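Positions are given from 1, in the same order as the sequence printed here. On a predicted model such as this, the values are computed, not experimentally measured, just so you know.
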Amino acid sequence: MNKRIIFLLMMGWLLCGLPMFAQDSTLKDTTEQVAADTLVADSAIAIVDADLGSAEEGALDEGGGLHKQLKRKFVEGSAGFMSLVALALVLGLALCIERIIYLTLAEVNTRKLMQDIDAKLGQDDLEGAKTLCRNTRGPVASICYQALLHINERVEDIDRQLTNYGTVQLSLMEKGCSWIRLFIAVAPSLGFLGTVIGMVMAFDQIQTAGDISPAIVAKGMKVALITTIFGIIVAIVLQFFYNYILSKIERLTAQMEESAITLLDSVTTYKAQKSNLKPQN
């Protein structure tokens, strides 16, 4: 009887303890699995962050700003030919800037100037008109002053003087433009010359190595392409400035022609007034 009771108590204890033991084991396994998953996630995040950081550093190293890229390409394109292309750019830009400043300062309010000259002549103030032209900058005032110097001559002679002096002023406005055109033509020519030299370098390297491989040909081809690109870019930049200069010269030339016609009318009126004021014999 006592043995049976002890056996039943032991069986009950086992039946009650097994679920609790199973629950503890499950909880322990779940905790370990969560910890493992967390560790894996942290490791993945760390790897992604490291990849992103290295990618950003690589991008910064590759970029480094526009001036650094241009400097690197300049060195890669053979310093000899690239220096000649850069010299053409610097000299061409210097001439363009000088012409733009000169032509900008030569522009005046032509309509107001001609009105003032006509008013001076209407008041029989020839010296005042000359002083006004001398104190005004630009080719328009210069041709007007030359016409006033010959105002006592015939109108045909004054017109011829205006035409001749207008040609002189036009040549002054176009001063230096021939050099700009030269640099526009020379820059791509230097680039093409660098291309030919780069191709010769590539073939020399192939001949020396006795094998055709991208690593051997790449250096010479790179020099060829970079010099060509920079030469074309220089020519395009100078061409934009040159066309802007031509537009300003054309505008000033049109103002000179219009002013010459207006001045001839004013001179004709002035000479008619002077002849009417003369005493009749």
Side-chain angles (χ1 to χ4, degrees), residues 91-185 237-281:
L91 295 177
L93 285 179
L95 291 171
C96 290
I97 293 172
E98 186 272 333
R99 282 293 90 190
I100 290 173
I101 293 174
Y102 175 84
L103 296 173
T104 301
L105 294 177
E107 293 179 348
V108 295
N109 191 344
T110 307
R111 181 172 299 179
K112 185 178 183 303
L113 175 63
M114 300 312 299
Q115 290 176 354
D116 293 340
I117 293 174
D118 186 65
K120 295 288 185 181
L121 294 178
Q123 298 171 3
D124 196 14
D125 187 7
L126 179 60
E127 293 301 323
K130 291 180 180 178
T131 303
L132 178 63
C133 293
R134 283 196 300 266
N135 295 333
T136 304
R137 65 177 184 271
V140 175
S142 297
I143 64 171
C144 291
Y145 180 74
Q146 291 296 320
L148 294 176
L149 288 177
H150 301 84
I151 197 169
N152 293 324
E153 300 177 4
R154 295 183 305 169
V155 177
E156 293 79 7
D157 296 334
I158 297 174
D159 187 14
R160 186 171 59 255
Q161 291 291 334
L162 287 173
T163 302
N164 295 335
Y165 200 72
T167 304
V168 174
Q169 290 296 320
L170 182 60
S171 64
L172 290 176
M173 289 188 293
E174 292 179 347
K175 182 180 179 182
C177 290
S178 59
W179 287 102
I180 298 175
R181 291 194 297 268
L182 174 64
F183 290 126
I184 291 174
V237 171
L238 294 179
Q239 187 67 51
F240 275 112
F241 280 99
Y242 180 69
N243 287 348
Y244 178 70
I245 291 170
L246 289 182
S247 67
K248 294 181 78 67
I249 292 175
E250 291 175 358
R251 184 164 59 250
L252 285 172
T253 304
Q255 290 178 358
M256 289 167 55
E257 294 175 353
E258 183 181 357
S259 301
I261 296 172
T262 305
L263 182 63
L264 284 176
D265 294 338
S266 300
V267 169
T268 304
T269 304
Y270 173 77
K271 293 173 74 67
Q273 291 177 355
K274 293 288 289 185
S275 62
N276 292 332
L277 291 175
K278 288 183 179 180
Q280 300 293 331
N281 294 328

- request: Return the set of residues passing salt bridge (Lys or Arg N to Asp or Glu O under 4.0 Å) with Arg160 (not counting sequence neighbours), or none when no residue passes.
  value: Asp157
field: Beyond-backbone contact of Leu170 with Ile249, side-chain heavy atoms, under 4.5 angstrom
entry: yes
- request: Can you sort out the partners of Glu156 under side chain to side chain contact (heavy atoms under 4.5 Å, CB included), two or more places apart, ordered by chain and number?
  value: Arg154
statement: Taken in chain and number order and not counting sequence neighbours, the residues that satisfy side chain to side chain donor-acceptor pair (under 3.5 Å) with Ser266 are Asp118
- prompt: Are Glu107 and Arg251 within salt-bridge range, i.e. N to O under 4.0 Å?
  reply: yes
Non-neighbouring partners of Asp265 that pass side chain to side chain contact (heavy atoms under 4.5 Å, CB included), sequence neighbours left out: Ile261
task: Hey, could you give me the CD1/SG distance between Ile101 and Cys96, rounded to the nearest 0.5 Å?
output: 11.5 Å
Heavy-atom neighbours of Phe241 CZ exceed 12 at 6.0 Å: no
- prompt: If you measure from CG on Asn109 to CD on Gln115, what distance do you get to the nearest 0.5 Å?
  reply: 8.0 Å
query: What residues, two or more places apart in sequence or in another chain, satisfy side chain to side chain contact (heavy atoms under 4.5 Å, CB included) together with Thr104?
result: Ile100, Lys248
field: side-chain contact (heavy atoms from CB on, under 4.5 Å) between Leu103 and Ile245, intermediate numbers included
entry: CA-CA 8 Å; Leu103 296 173; Ile245 291 170; 3.8 Å; yes
field: Test side chain to side chain contact (heavy atoms under 4.5 Å, CB included) applied to Leu149 - qualifying residues, sequence neighbours left out
entry: Lys130, Tyr145, Gln146
query: Arg137: what forms a side chain to side chain donor-acceptor pair (under 3.5 Å) with it, not counting sequence neighbours?
result: none
query: Is the backbone N or O of Ile151 less than 3.5 Å from a side-chain atom of Lys271, with the two atoms forming a donor-acceptor pair by type?
result: yes
- request: For Leu162 and Ala147, work out which heavy atoms get closest and say how close.
  value: CD2-CB, 3.5 Å
- prompt: How would you list, by chain and number, every residue that makes a side chain to side chain donor-acceptor pair (under 3.5 Å) with Thr136, sequence neighbours excluded?
  reply: none
Side chain to side chain, Glu153 and His150, heavy atoms closer than 4.5 Å: yes
message: If I compare all heavy atoms of Leu263 with all of Cys144, which pair ends up nearest, and what's the gap?
response: CD2-CA, 3.5 Å
message: Go through it in stages, so that I can follow the logic: the residues are Leu93 and Phe183, the test is side-chain contact (heavy atoms from CB on, under 4.5 Å), and I'd like the CA-CA distance, side-chain angles, deciding distance and then a yes or no.
response: CA-CA 10 Å; Leu93 285 179; Phe183 290 126; over 6 Å; no
message: Can you confirm whether Thr110 sits close enough to Thr262 that some side-chain heavy atom of one is under 4.5 Å from a side-chain heavy atom of the other?
response: no
Short N-O contact, Asp116 and Lys112, less than 4.0 angstrom: yes
field: Non-hydrogen atoms of Lys120 and Ala129 that approach each other most closely
entry: CB-CB, 3.8 Å
- line: Tightest non-hydrogen contact, residues Cys133 and Leu148, listed as SG-CD1, 3.8 Å
query: Are side-chain heavy atoms of Asp159 and Thr163 found at a separation under 4.5 Å?
result: yes
- prompt: Stepwise, does the side-chain contact (heavy atoms from CB on, under 4.5 Å) test hold for Arg111 with Leu113?
  reply: CA-CA 5 Å; Arg111 181 172 299 179; Leu113 175 63; over 6 Å; no
task: Find out whether Gln255 and Pro139 are in side-chain contact, i.e. whether some heavy atom of one side chain is under 4.5 Å from a heavy atom of the other.
output: no
Side-chain polar contacts of residues 171-181 - donor-acceptor pairs under 3.5 angstrom, sequence neighbours left out - could you list them?
from	atom 1	to	atom 2	distance (Å)
Ser171	OG	Val168	O	2.5
Arg181	NH1	Tyr242	OH	2.7

task: Please report the closest heavy-atom contact between Tyr270 and Leu126, naming both atoms and the distance.
output: OH-CB, 4.0 Å
task: Can you sort out the partners of Thr131 under side chain to side chain donor-acceptor pair (under 3.5 Å), two or more places apart, ordered by chain and number?
output: Arg134
- request: Mind checking the CG-CD spacing from Leu246 to Glu250? Nearest 0.5 Å is all I need.
  value: 6.5 Å
